[in-house]
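Position 1 is the first residue of the sequence, and the numbers go up from there.
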Amino acid sequence: MRDFRFGFNVFEVRSREEFAAYCRRAEEAGYDVALVPDHLGAPAPFPTLVAAAEATERLRVGTFVLNTAFWNPHLLAREIATTDRLTGGRLEVGLGAGHMKWEFDAAGLPWRPFGERVEHLERTVEELAGVFGGPGYPEQEPLRSQYGMEVLRPVQRHGFGGHGPPLLVGGTGDRVLRLAARHADIVGLAGAYQVRGQPPGTFTIGTAGQAAERVAFIREHAGDRDPELNLMVQFVVVTDDRRGTAAQVAERLPNLTVEEVLETPYLLIGTVEQMAERLRENRERYGFTYITVQGPFLDAFAPVIAHLR
């Protein structure tokens with residue numbers, strides 16, 4: 001069984017100095033990875049990751065996750081290779097199919113059916129692997145650009161068929177998770193389920209039973225592969241009144257009972273000791289070892305990391 005790793009999502013950059021201090025505080029608290037999502041109105045992923053690595057000594061950095069429909073694979077390959085080099089090989093690449101329709105509308109991009117977005121995601125993974133490990137590389141003479149310089153490649157040799165940074169694919173549906181089981185080093189489960197009959201981007205939190213079913217699906221399709229499993233914890237609250245707080249949360253999540261709020265792995269409620277024990281139980285039950293929390297809960301979750309270590 002893998003050791004725990006801990007990540008946090010970055011949602012804002014107020015200033016260079018404040019962001020650097022934020023990342024250093026996270027590193028000192030025991031976090032392993034600074035992660036940046038790919039949403040309009042939020043920080044641009046790749047420069048933010050470079051800044052996070054520059055401000056810290058060991059913190060890995062990653063996209064969590066890129067809206068792959070926004071990206072041309074060859075332009076994305078350049079961003080990945082550059083960022084991996086500038087961060088000293090600390091990059092992890094998270095890819096997803098995209099799920100916020102308003103962002104496509106705002107960017108002037110067509111909102112494709114989900115199956116088409118997954119197909120684009122798979123083509124992107126395959127094309128990135130080809131660019132990073134293209135003909136003649138690395139055994140033969142390196143490829144050259146039109147200026148005579150060696151074509152830029154990542155420094156890591158983990159994901160993308162052993163030619164690039166570790167690859168995380170995140171999602172919920174069968175098609176994305178089937179792809180992730182085949183290609184990804186890390187499979188991410190955020191537990192956000194589209195509400196049927198509601199506009200795209202209207203989500204609810206999955207139950208413990210749904211999490212168990214999704215993990216079983218991943219393992220079935222991974223075969224002999226053993227990808228790391230990432231758990232996105234959507235909500236963290238430290239409290240001595242675990243049940244009372246869960247009742248308040250259940251009022252905002254009408255699809256979940258109080259018991260389901262307490263049991264789902266996507267929410268952490270209780271004392272530091274209770275949350276640490278729940279994460280141990282989740283590791284045993286589901287195999288979740290890479291735990292990510294949303295940025296606003298970075299400080300609240302930090303004592304849990306200390307307790308587990």
J.: For R123, is there an ion pair with E126 - N to carboxylate O distance below 4.0 angstrom?
T.: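 Judged by the 4.0 Å cut-off on N to carboxylate O distance, E126 and R123 do not form a salt bridge.
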J.: Describe, in one word, how the ring planes of F160 and F132 are oriented to each other, choosing from parallel (under 30°), tilted (30 to 60°) and perpendicular (over 60°).
T.: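 The arrangement is perpendicular - the two ring planes meet at more than 60°.
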J.: When you measure from the centre of the six-membered ring of Y290, is the NZ or CZ of R2 closer than 6.0 Å and no more than 45° off the axis?
T.: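 That pair does not qualify as a cation-pi contact.
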J.: Assess whether a salt bridge exists between R280 and E277, defined as any Lys/Arg side-chain N lying under 4.0 Å from an Asp/Glu carboxylate O.
T.: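 Between E277 and R280 there is a salt bridge, with a charged N closer than 4.0 Å to a carboxylate O.
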J.: Does any non-hydrogen side-chain atom of P154 lie less than 4.5 Å from one of L91?
T.: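 No, every pair of side-chain atoms sits at 4.5 Å or beyond.
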J.: Assess the side chains of T292 and N230: does a donor N or O sit below 3.5 Å from an acceptor N or O?
T.: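 Checked: T292/N230 side chains pair up, N/O donor to acceptor below 3.5 Å.
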J.: Hey, does V237 have a side-chain heavy atom less than 4.5 Å from the side chain of I269?
T.: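 When only atoms from C-beta onward are counted, V237 and I269 do touch, with a gap below 4.5 Å.
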J.: Using the side-chain contact (heavy atoms from CB on, under 4.5 Å) rule, take M232 and Q294 through it: C-alpha gap first, then chi angles, then the decisive distance, then the call.
T.: CA-CA 8 Å; M232 178 76 250; Q294 304 287 22; 3.6 Å; yes
J.: Does any part of the side chain of R5, heavy atoms only, come nearer than 4.5 Å to the side chain of I186, both counted from C-beta?
T.: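 Answer yes - side chains close enough.
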J.: Going by heavy atoms in the side chains, are F301 and F8 under 4.5 Å from each other?
T.: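 F301 does not reach F8 side chain to side chain.
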J.: So that I can tick it off, tell me whether R243 and E259 are bridged by a salt bridge, with the cut-off set at under 4.0 angstrom between side-chain N and carboxylate O.
T.: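 Looking at E259 and R243, the cut-off is met.
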J.: In sequence, state the C-alpha distance, the side-chain angles, and the governing distance for L95 and L76, and then conclude on side-chain contact (heavy atoms from CB on, under 4.5 Å).
T.: CA-CA 11 Å; L95 302 178; L76 177 57; 4.3 Å; yes
J.: Which pairs count as ring-ring contact (aromatic ring centres under 6.0 Å, His included) when at least one residue sits in residues 224-277, sequence neighbours excluded?
T.: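 ring-ring contact (aromatic ring centres under 6.0 Å, His included) check on residues 224-277 returns F235-F297.
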